[in-house]
Amino acid sequence: MGAAAVLSISGLRTEFRTRRGPVAAVDGLDLELPAGETFGLVGESGCGKSVTALSILRLLPRPAGRVAAGSIRFEGEDLLALPEAAMRRIRGNRISMIFQEPMTSLNPVLPVGFQIEEVLRKHRGLSAREARAEAGGLLARVGMPDPQSRLDDYPHQLSGGMRQRAMIAIALACRPALMIADEPTTALDVTIQAQILELISRLQAEFGMSVLLITHDLGVVAETCREAAVMYAGRIVERAAVARLYARPAHPYTVGLFRSLPRAVGRGGKLTPIPGTVPHPAELPPGCAFQERCFQRHAACREDPPWAEVATGHFARCWKPLG
Amino acid sequence: MPLGYLGRRLLHLGFVLLGVSLVVFLMLRMIPGDPARLLLGEFASAEDLARLRAQMGLERPLPVQYGLYLGRLLQGDLGQSLRNGAPVAAEIAQRLAATVELAVAAMLIATFLGIAAGVVSAVRPYSLFDTAAMLLALVGVSMPVFWLGLMLMYLFAVRVPVLPLMGRIGMGNEPEALTGLMLVDTLLAGEGEAFLEALQHLVLPAVTLATVPLAIIARITRSSMLEVLQQDYVRTARAKGLDESVVILRHALRNALLPIVTVLGLNLGLLLSGAVLTETIFSWPGLGRYVVDSLMARDYAAVQGCILVFAAILAVINLVVDLAYAALDPRIRIHA
């Protein structure tokens with residue numbers, strides 16, 4: 001894995017209370033995020049990628065969701081063991097997060113500038129005047145046109161792309177070590193998507209921070225990340241440098257994802273959907289969670305597959321890895 | 001921009017009040033029979049009837065009559081009481097302060113306790129506090145005001161006499177009437193003891209009047225807060241590392257206030273009608289009791305005047321509610 005890890009998750013199990021009893025949306029997740037680069041976390045909706053992000057910041061919906069086991073180490077501490085007050089000093093400060101829906105993620109009754117200044121005053125102890133100047137500077141850095149006059153605007157006066165820029169400005173305000181971006185471009189127009197991804201990449205390099213980019217879109221990962229992990233049914237099933245992952249995917253699920261991607265198949269090629277649907281977390285088969293949809297399943301799949309290194313720096317959780 | 005909005009709303013208010021005056025004017029004319037006889041009773045002499053008809057201008061066409069009536073209204077003339085011939089406007093003005101004092105006290109109790117209870121309930125849903133508060137709120141809205149007033153009176157003024165039974169202040173302790181508001185007048189006169197006495201007199205009627213709006217506000221606040229707490233921007237506020245109190249009060253409550261303000265406005269109207277009962281029970285010398293007394297005495301001129309004043313108060317409250325909306329929600333401010 002080379003570079004030092006900014007954050008390392010081990011054995012994470014996150015449960016949700018349901019009428020059928022507790023159900024694990026994430027189960028046995030291990031993940032080391034490399035420092036100072038953008039790391040992609042890919043998977044279909046419902047695979048547990050957003051739950052993983054919310055578990056890191058301990059922002060799971062209460063009282064339904066809770067972390068049942070595991071540890072999340074960040075800057076020498078286990079986030080899961082921290083008292084709430086210490087956790088609040090990390091949120092928005094050392095680890096920040098941007099969300100999928102820029103339309104609803106900003107508070108509609110507070111000016112955009114105020115929502116940025118709030119973080120600066122809370123974590124960096126700036127005065128009102130300093131915070132305002134800094135907020136204007138941040139809006140300029142995220143490419144907001146006419147940043148000073150935008151400070152007094154309310155979210156409904158901004159376009160979707162501009163709102164996401166404002167969200168990024170909030171996330172950047174305290175120069176975090178890690179920024180989690182949960183589907184930051186999914187709700188935006190395609191042209192705006194490219195701009196926002198470019199912005200995130202540029203800021204990542206400028207600030208030297210780590211970015212965890214969560215997405216269902218393999219194209220987004222290809223454009224932005226150096227390394228990525230694929231998640232299925234609450235666990236990481238494959239991890240590799242992006243170039244390697246795209247050239248020689250090892251896990252049958254990853255292969256299936258590429259086969260159902262128009263850009264990867266190319267003109268005239270045939271799209272092949274993965275048969276079946278993601279199983280409900282309460283109804284996972286014993287052993288490999290993907291076995292029922294896999295084109296090469298065999299007897300061994302009923303046992304838990306090992307996390308094995310297929311090639312240098314390329315790992316997969318499969319009994320018969322390809323590639 | 002906001003001034004233009006305010007101007008338009010004030011113009012609108014003018015039209016509403018004009019409409020109210022027309023309705024009130026027509027009410028007495030539309031009752032079957034001769035208004036003069038209605039006013040003077042069946043044993044009035046023919047000369048008295050003729051004199052009153054001429055005085056009221058009843059021989060003239062209806063629009064002219066309305067014009068004259070409106071002219072008097074604009075000069076603050078609400079006519080003479082049929083009971084004692086006193087000008088109705090003066091009678092109302094004298095009692096309005098008592099009602100305002102009572103209604104404001106009740107509204108303050110209902111608003112602060114209601115919002116506080118609703119917020120705590122929403123933050124800890126299905127907790128013991130939530131269950132108890134919402135049960136009490138249900139009892140509160142269901143309870144007839146007059147019964148509640150009598151029970152409070154019996155408990156706290158008769159069985160355990162810690163509070164005065166009725167009235168605004170003890171005999172002979174009345175301060176010089178500057179504002180008509182007993183709490184303010186006693187303070188202006190520098191009479192601390194009289195102030196405390198007035199405050200004690202205010203407690204039971206204000207609590208009685210506050211109960212129904214308090215219960216409604218608590219329930220609305222709870223449901224509005226529960227909805228807002230699910231919103232993405234509340235999660236964003238938490239992701240920023242803000243203290244939970246800031247998340248709840250600054251980010252959630254401000255958004256939850258919009259439906260609460262609507263209910264507050266509606267409840268102020270409710271307070272006026274509640275005041276009629278409460279003032280009667282507690283012998284509170286306000287407008288509500290004046291209306292009841294005037295109705296009993298068939299003092300139509302006085303009743304008319306009161307209806308006009310009540311309607312004007314309600315219309316002004318509506319305007320204030322809409323302005324509060326604009327202050328709270330930037331989306332309304334911009335588009336208005």
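Everything numeric in this text was worked out from a predicted model, so none of it was measured. Residue numbers start from 1 in every chain, and the chains themselves are labelled A, B, ... in the order their sequence lines are given, proteins ahead of strands.
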So, the part of A:Glu84 with a heavy atom under 4.5 Å from chain B: the answer is neither
Looking at B:Glu227, I'd like to know if its CD atom is crowded, meaning that more than 12 non-hydrogen atoms belonging to other residues, nucleotides or ligands lie closer than 6.0 Å.
no
Closest non-hydrogen atom pair between A:Gln204 and A:Met209, with its separation:
NE2-O, 3.0 Å
Whatever's closer than 4.5 Å to a heavy atom in chain A on B:Leu258 counts as neither
For chain B, the option from A:Asn93, A:Leu57, A:Leu106, A:Ile180 that forms the most heavy-atom pairs under 4.5 Å:
A:Leu106
Under 4.5 Å heavy-atom distance to chain A, tell me which part of B:Glu244 shows up: side chain, backbone, both or neither.
both
Per-residue tally against chain B (heavy atom, under 4.5 Å) across A:Leu54, A:Leu110, A:Asn107 peaks at A:Asn107
If you count heavy-atom pairs under 4.5 Å with chain B, which of A:Pro155, A:Ser105, A:Pro63, A:Ala173 comes out on top?
A:Ser105
Of the listed A:Arg58, A:Met97, A:Arg89, A:His123, the one with the largest count of heavy-atom pairs under 4.5 Å with chain B is A:His123
Less than 4.0 Å between a side-chain N and a carboxylate O, is that true for A:Glu183 and A:Lys49?
yes
Tell me, side chain or backbone of B:Val234 under 4.5 Å from chain A's heavy atoms, or both, or neither?
neither
Any side-chain donor near an acceptor of the partner, A:Gln195 and A:Arg165, under 3.5 Å:
yes
Salt bridge between A:Lys122 and B:Asp243, side-chain N to carboxylate O under 4.0 Å?
yes
Does any donor atom in the side chain of B:Glu279 or B:Thr99 lie under 3.5 Å from an acceptor atom in the other side chain?
yes
Would you call A:Glu15-A:Arg13 a salt bridge at under 4.0 Å N-O?
yes
Chain B contacts, top residue of A:Met167, A:Arg62, A:Glu101, A:Met87 (heavy-atom pairs, under 4.5 Å)
A:Arg62
Toward chain B, the part of A:Pro108 with a non-hydrogen atom under 4.5 Å
both
